[in-house]
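Remarks on the structure that follows.
Heavy atoms only: backbone and side chains are in, while hydrogens, waters and symmetry mates are out.
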Amino acid sequence: MFKSIVVTGGAGFVGSSLAISIKEWNPGFQIYCFDNLRRRGSELNIPRLKELGIIFIHGDIRNKGDLEDIPDFDLLIDCSAEPSVLAGINSSPSYLIETNLIGTLNCLEIIRKNQASIIFLS
């Protein structure tokens with residue numbers, strides 16, 4: 001049974017909706033929503049999260065140090081990918097590659113360190 005859950009991309013539409021549903025389903029779970037707030041409007045979900053006692057952590061999966069600042073957890077739900085099929089077509093693909101490849105590797109490493117489980121939605 002999971003008691004402490006991290007949702008990366010947790011201020012986005014999918015991540016915040018999932019975190020809120022989990023918290024409403026089991027109020028005893030400690031939930032952390034981790035997000036870099038790059039997507040416009042995602043910051044508007046933070047008050048909804050806080051109302052339910054969900055802890056928001058501002059950080060970026062591309063930065064290992066940000067992930068290491070998260071308290072111990074049992075499960076990481078990864079909702080943090082850059083999902084746009086157009087990302088990198090008219091500009092540098094660096095953000096896309098750093099988020100979807102390097103960020104995922106960083107998440108897998110922190111999961112290994114915590115001996116936690118993962119649900120990979122991205």
Side-chain angles (χ1 to χ4, degrees):
M1 175 63 83
F2 304 114
K3 295 289 184 187
S4 181
I5 299 171
V6 173
V7 180
T8 60
F13 174 73
V14 173
S16 64
S17 297
L18 184 60
I20 288 168
S21 292
I22 292 169
K23 190 68 171 182
E24 289 174 344
W25 174 68
N26 192 332
F29 285 6
Q30 178 62 62
I31 301 177
Y32 301 95
C33 283
F34 182 88
D35 202 297
N36 67 3
L37 301 177
R38 185 168 194 264
R39 282 203 177 273
R40 210 169 134 206
S42 59
E43 70 281 356
L44 300 174
N45 289 318
I46 296 172
R48 291 176 50 222
L49 298 169
K50 289 185 175 182
E51 278 179 24
L52 292 171
I54 297 169
I55 297 170
F56 174 75
I57 301 172
H58 186 253
D60 196 318
I61 63 168
R62 298 174 297 162
N63 183 342
K64 281 183 191 179
D66 287 357
L67 288 165
E68 291 171 355
D69 289 339
I70 299 171
D72 290 343
F73 59 91
D74 305 312
L75 173 68
L76 184 138
I77 302 173
D78 187 5
C79 306
S80 61
E82 172 55 56
S84 173
V85 294
L86 300 176
I89 288 180
N90 294 322
S91 61
S92 171
S94 294
Y95 180 76
L96 176 71
I97 292 168
E98 289 172 6
T99 299
N100 292 356
L101 180 61
I102 304 303
T104 299
L105 288 172
N106 289 340
C107 285
L108 292 172
E109 182 60 23
I110 200 70
I111 289 164
R112 184 186 64 77
K113 182 179 173 186
N114 277 276
Q115 298 180 357
S117 297
I118 182 172
I119 296 174
F120 186 74
L121 298 182
S122 304

| Can you check whether L76 reaches F34 side chain to side chain, under 4.5 Å on heavy atoms? | no
| message | Looking at E51 and L49, would you say the former's side chain and the latter's main chain have a donor-acceptor pair under 3.5 Å? | response | no
| field | Worked verdict on I22 versus I77 for side-chain contact (heavy atoms from CB on, under 4.5 Å) | value | CA-CA 11 Å; I22 292 169; I77 302 173; 3.7 Å; yes
| Side chain to side chain, L44 and S16, heavy atoms closer than 4.5 Å | no
| message | Using 30° and 60° as the class boundaries, would you call the ring planes of F29 and W25 parallel, tilted or perpendicular? | response | perpendicular
| query | Distance-only, no hydrogens or angles: does the D74 side chain make a donor-acceptor pair with backbone N or O of K3 under 3.5 Å? | reply | yes
| said: Can you give me the closest heavy-atom contact between L18 and C79, atom names plus distance? | reply: CD2-SG, 4.3 Å
| task | Identify the heavy atoms of K23 and I31 that sit nearest to each other, and give their distance. | result | N-CD1, 3.6 Å
| task | Would you please name every residue forming a salt bridge (charged side-chain N to carboxylate O under 4.0 Å, His left out) with R48, sequence neighbours left out? | result | none
| field | Least distance between heavy atoms, I57 atom then P71 atom | value | CD1-CD, 4.1 Å
| Pairwise distance CG(D60) to CG(L37) - rounded to 0.5 angstrom | 10.0 Å
| query | Looking at residues at least two apart in the chain, or sitting in another chain, which of them share a side chain to side chain donor-acceptor pair (under 3.5 Å) with S21? | reply | none
| task | Would you kindly confirm whether I70 and F120 end up in one hydrophobic cluster when ILVMFWY residues are joined by side chain heavy atoms under 4.5 Å apart? | result | yes
| task | Evaluate the side-chain contact (heavy atoms from CB on, under 4.5 Å) criterion for residues D66 and I61: first the C-alpha distance (whole Å), next the side-chain angles of each, then the deciding distance (0.1 Å), finally the verdict. | result | CA-CA 7 Å; D66 287 357; I61 63 168; over 6 Å; no
| task | Could you please spell out the steps behind the side-chain contact (heavy atoms from CB on, under 4.5 Å) verdict for N36 and T99? | result | CA-CA 11 Å; N36 67 3; T99 299; 5.7 Å; no
| remark: Interatomic distance, CD1@I118 vs CD1@I111, rounded to 0.5 Å, equals 3.5 Å
| Yes or no on side-chain contact (heavy atoms from CB on, under 4.5 Å) for E109 and N106, after CA distance, side-chain angles and deciding distance? | CA-CA 5 Å; E109 182 60 23; N106 289 340; 5.6 Å; no
| query | Heavy-atom distance under 4.5 Å between the side chains of Q30 and I55, does that happen here? | reply | yes
| query | Hey, is the main chain of D72 close enough, under 3.5 Å, to the side chain of S4 for a donor-acceptor pair? | reply | yes
